[in-house]
Amino acid sequence: MKKLFCYADRYIKKSDWKDWAMLKFCLFSMGILAGMQIPGKNKRQTGWIAAAVFVATYIPLMAKFFSVIVEKEA
């Protein structure tokens with residue numbers, strides 16, 4: 001668990017405002033997918049849009065996180 005926190009601290013130090021914006025969009029779209037308290041006629045379209053935003057933001061965030069994990073500590 002301590003290693004995970006160490007990785008998270010290194011990730012935060014290497015992040016800029018764009019990474020935080022992507023993280024917020026990613027979490028927002030995950031919340032929409034989890035909530036889905038939308039009327040039936042709009043539920044399918046909203047779900048697809050939220051899923052697309054989630055995938056589009058999750059992949060670059062995890063790619064950066066994994067690059068932080070595999071790089072050697074300075």
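Side chains are part of it too, since the values below use all heavy atoms of this structure and drop only hydrogens, waters and symmetry mates.
Pairing each heavy atom of P60 with each of V55, the nearest pair is CD-O, 4.4 Å.
Distance check: F54 CZ to I32 CD1 gives 12.5 Å after rounding to the nearest 0.5 Å. Summarising the geometry, atom CE belonging to M62 is positioned 8.5 Å from atom CD1 belonging to I69; distances are rounded to the nearest 0.5 Å. The SG atom of C26 lies 12.5 Å from the CH2 atom of W20; values are rounded to the nearest 0.5 Å. Distance check, rounded to the nearest 0.5 Å: NZ of K24 to OG of S29 gives 13.5 Å.
Using a 4.5 Å heavy-atom threshold, the side chains of I12 and Y7 count as separate. Under the 4.5 Å side-chain criterion, counting only non-hydrogen atoms from C-beta, T46 is not in contact with I49. Counting heavy atoms from C-beta outward, L61 and F66 have side chains that stay 4.5 Å or more apart.
Heavy atoms of other residues, nucleotides or ligands lying less than 6.0 angstrom from CZ of F65 number more than 12. At most 12 non-hydrogen atoms from other residues, nucleotides or ligands lie less than 6.0 angstrom from CZ of F25.
With hydrogens and angles ignored, the 3.5 Å screen pairs no side-chain donor or acceptor of D19 with any backbone N or O of M22. Side chain of D9 to main chain of C6: no donor-acceptor pair is present (N/O by atom type, distance under 3.5 Å, no hydrogens or angles). Looking only at distances, a side-chain donor or acceptor of K64 sits under 3.5 Å from a matching main-chain atom of K14.
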